[in-house]
Each structure stands twice: as structure tokens, then as C-alpha cells.
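Heads up: the structure comes next, in C-alpha cells.
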Amino acid sequence: MNIGNNIKNLRHLNNMTQEQLAEKLSISPQAVSKWETGTTLPDVTLLPEISVLLGVTIDELFTLSDEARFERIDNMLYDVRFLSESEFSQSEKYLIKKCNEETTRPKAELLLAQLYNKRADEYHQLASPLARRALMDNPDTKDAHNALFDAERGVYQDWHGVNHHRLIAFYYAFLKQHPDNFFAYLWLSDLLVADGRLEEAADVAETIKHLKHTYHYELLKSQIERAKGHHAKAQTWLDNMLALEPENEFALFAYANEMAKQCSYEEAIEYYHREMPLRQKPRFVDTEEALAQIYEIRGDFAAAIAMHEQIISIMQSDWKEVEGEGLDIHRREIERLKKLMS
């Protein structure tokens with residue numbers, strides 16, 4: 001793809017005519033037309049201004065392949081806390097176009113779904129403090145409670161509003177087409193246990209064992225027994241899980257998670273820390289995030305701050321993060337926790 005085509009595509013994504021771009025650059029519309037048809041190239045002195053107007057870097061004006069654009073959107077979804085209207089609309093328009101092209105559809109569909117999820121999360125972040133203040137100002141207003149729960153994913157008790165029957169049905173249909181997809185069974189089992197459909201979950205557990213006998217089988221059997229109220233049996237399955245894979249970082253992490261769910265925080269902390277030295281680089285930071293939350297629940301704000309500082313250190317060393325929302329979210333958490341300490 002040459003620079004003229006890049007300018008044309010980016011101009012369309014910005015809902016800009018040739019005349020409008022020409023006016024902003026103080027040149028004639030004919031000059032823009034010649035760039036886009038490949039007759040001439042823009043003067044090098046105009047490239048910085050063109051890139052700013054079209055929302056890309058100068059390098060991207062020359063090398064804006066679909067893969068490069070996909071990568072740019074992917075990075076933006078992770079690095080930017082709140083997308084501007086321009087960033088959102090340009091990305092949305094581009095991805096919708098690419099969803100209609102055979103070669104780019106799979107990646108474009110995924111990125112578009114992630115883009116919409118990010119926008120929903122952004123609105124939830126904006127709604128949360130408003131709902132909290134509305135509830136403080138109107139303590140007897142049910143709608144304020146609903147707004148807060150919707151913003152922060154609170155737990156509703158109305159079965160019809162919280163069960164996952166449609167998502168479960170999708171996974172059953174998906175697995176008919178992909179019967180050997182191991183991880184799809186794991187996603188399905190989580191939904192079945194959450195909805196109390198334990199007989200179905202038990203059937204899925206046996207399928208999981210048949211496909212690949214890993215710690216997931218013992219973990220699921222434990223979760224099923226705990227959901228039934230059989231806590232001793234549930235613990236036995238967890239102990240069996242660790243006996244089978246005592247040095248498996250993911251099994252240790254799963255064990256710690258189960259302890260945290262039961263509010264057995266001391267054991268959770270112990271097993272999260274056992275898992276830490278077993279992780280391979282680049283390390284994920286779920287363990288530190290879990291520990292930060294446990295320490296905050298217990299009122300140990302200094303320890304929680306230390307976990308967020310450790311996350312920042314790992315992101316910088318293992319993932320080479322220098323700036324962006326991936327780091328900023330933890331810096332905000334540190335400042336919030338410091339205020340709680342004081």
C-alpha cells in the first residue's frame with residue numbers, strides 16, 4: 001500500500017473530504033487528489049502536519065498495512081484509559097470495513113468486540129463515581145443502588161437476571177462443532193458451576209479428564225462438591241490436585257484462588273507466594289493483583305501498595321512497558337491506598 005492510498009483511507013476514516021484536508025494544509029484539492037492517485041507525493045515538509053490531521057505517525061503514513069493498523073488498535077485498547085471520540089470512531093469504522101473482508105475478518109471481529117467492551121468499561125468507570133454520589137445524596141433511592149451495581153458489576157439475586165443459560169447454550173453448540181476444544185470445556189464448566197447445574201458440570205469434568213488429565217479435573221470436582229455443600233470432599237479433591245502437580249504454578253494459583261473464595265486468606269497468601277518463584281518470564285501479574293486485594297480487605301494498605309509497586313516493576317522488566325494505562329491503573333491504586341492509610 002503506498003502513501004497515497006494510506007492518505008485516502010485515513011481521510012475517509014476521519015470523515016474528511018479532499019477539499020477539507022486541502023484547506024487545513026493550505027494547498028489545493030487537486031494536490032491531494034494527485035497524492036491519492038499516485039501521480040505525485042506530498043512534500044516532505046507537510047508530512048508532520050498530515051500525520052497529525054489523520055491521527056497517525058509519519059511512519060504509519062508509509063507502512064500502514066492492515067497488520068500494522070490492527071496492532072496499533074490493539075495497543076491503544078490496552079494503553080489508553082479513555083479513548084477519544086475520534087480514536088473510537090476511526091477504529092470502529094475501519095474494523096467494520098475489515099469485518100467484511102475474508103482475509104481480515106477473524107482479527108477484525110475480535111478487535112471490534114474488544115473495542116466495544118472497552119467503550120462499555122469506560123462508561124462504567126464514568127458511571128461509578130456518579131452512582132456513588134447519587135446514592136449518598138439519595139440514600140432511599142433504589143435506582144441509585146441499581147446504577148451502582150450496574151456500574152461495578154454488583155451481585156443481583158434475581159435468578160432470571162443473573163443466570164447464564166444463553167452463554168451455556170452457545171458453548172454447547174460450539175463444542176458440537178469443536179468437540180476436542182479442551183479450553184472451551186473449562187469455560188463451560190465455570191458457567192455450569194456458577195449456575196448450579198452441577199450434574200452437567202460433572203459430565204463436563206469427565207470429558208475434560210478424557211481429553212487431558214491435568215489439575216483442571218480435580219479442581220472442577222472440588223468446585224462441584226463445594227457447591228453441593230460437601231466441604232470435606234471438596235478439600236480432598238484440592239489436596240489431590242496438589243499431590244498430582246505439586247510444582248505446577250497454575251495448580252498452586254488455582255489452590256490459592258479457592259482459599260481466597262472461602263475467605264481463608266492466610267492459606268491463600270501462603271499458596272500465592274509459593275506460586276510466585278515458579279513463574280516463567282514474562283510473568284503475568286494476577287497473583288500480585290489478588291494479593292493486593294486480600295491485603296486491602298485485611299486493612300494492610302502498605303502490603304497492598306507493595307503489590308501494586310511489584311506489578312509496575314514486572315510490567316516494566318518483563319513486558320518492557322514504559323507508559324500507558326497498564327501502568328497508570330496501578331499508580332492510581334497506590335495513590336488511593338495512600339489516602340486510605342492517611
Side-chain angles (χ1 to χ4, degrees), residues 76-85 87-88 113-168 187 190-191 193-196 223 227 253 256-265 268-269 272 284-312 315 324-342:
M76 181 179 65
L77 293 176
Y78 178 76
D79 289 333
V80 180
R81 185 183 183 189
F82 293 110
L83 299 178
S84 69
E85 287 302 317
E87 289 170 328
F88 176 82
Q114 293 172 324
L115 178 69
Y116 287 144
N117 280 335
K118 180 170 180 62
R119 178 46 56 98
D121 182 63
E122 289 173 354
Y123 280 124
H124 282 146
Q125 289 187 59
L126 295 172
S128 175
L130 293 169
R132 286 173 177 245
R133 291 199 295 270
L135 185 56
M136 295 299 290
D137 292 338
N138 305 279
D140 298 322
T141 303
K142 179 184 177 183
D143 286 344
H145 289 283
N146 287 336
L148 181 57
F149 266 47
D150 289 343
E152 300 197 20
R153 299 173 179 84
V155 178
Y156 286 101
Q157 295 301 319
D158 301 318
W159 176 84
H160 70 279
V162 298
N163 79 83
H164 306 90
H165 73 281
R166 290 184 179 177
L167 193 51
I168 289 170
W187 290 103
D190 286 343
L191 295 167
V193 171
D195 279 12
Q223 292 170 337
F253 180 80
N257 277 349
E258 294 304 303
M259 294 301 102
K261 290 174 186 177
Q262 300 169 56
C263 301
S264 299
Y265 295 135
I269 291 171
Y272 281 131
F284 294 102
V285 294
D286 302 76
T287 298
E288 286 79 6
E289 290 184 353
L291 284 168
Q293 293 176 23
I294 290 175
Y295 288 136
E296 182 177 351
I297 290 170
R298 295 175 59 177
D300 191 345
F301 301 127
I305 289 171
M307 286 297 106
H308 285 291
E309 290 173 339
Q310 190 165 327
I311 290 171
I312 292 173
M315 297 303 294
E325 179 61 9
L327 300 176
D328 291 344
I329 187 173
H330 297 288
R331 293 180 177 128
R332 291 196 300 273
E333 285 297 286
I334 289 170
E335 292 307 311
R336 181 182 64 83
L337 290 164
K338 284 180 177 179
K339 289 179 181 178
L340 290 175
M341 286 179 67
S342 62

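- Counting heavy atoms of neighbouring residues, nucleotides and ligands inside a 6.0 Å radius, atom CZ of Phe82 exceeds 12 of them.
- Checked for salt-bridge contact, Lys118 and Asp121 miss the test: no charged N lies under 4.0 Å from a carboxylate O.
- Side-chain atoms of Glu122 come within 3.5 Å of backbone atoms of Leu83 as a donor-acceptor pair (strictly under, hydrogens ignored).
- Formation of a donor-acceptor pair under 3.5 Å by the Glu335 side chain with backbone atoms of Arg331 is not found in this model.
- Under the 6.0 Å distance and 45° angle rule, Arg298 does not count as a cation-pi partner of Tyr265.
- Ring pair Tyr295/Phe301: centre-to-centre distance not below 6.0 Å.
- Using a 4.0 Å cut-off between charged side-chain N and carboxylate O, Arg332 and Glu325 make a salt bridge.
- Atom CG of Leu148 is separated from atom CG of Leu135 by 6.5 Å, given to the nearest 0.5 angstrom.
- With 3.5 Å as the limit, one finds no donor-acceptor pair spanning the side chains of Tyr272 and Asp286.
- The distance from atom CZ of Arg336 to atom CD of Glu296, rounded to the nearest 0.5 Å, is 4.0 Å.
- The main-chain N or O of Thr141 is never found under 3.5 Å from a side-chain atom of Asn138 such that the two would form a donor-acceptor pair.
- A distance of 10.5 Å separates CG in Leu291 from NE2 in His308, rounded to the nearest 0.5 Å.
- Glu309 CD to Ile305 CD1: the interatomic distance, rounded to the nearest 0.5 Å, is 7.0 Å.
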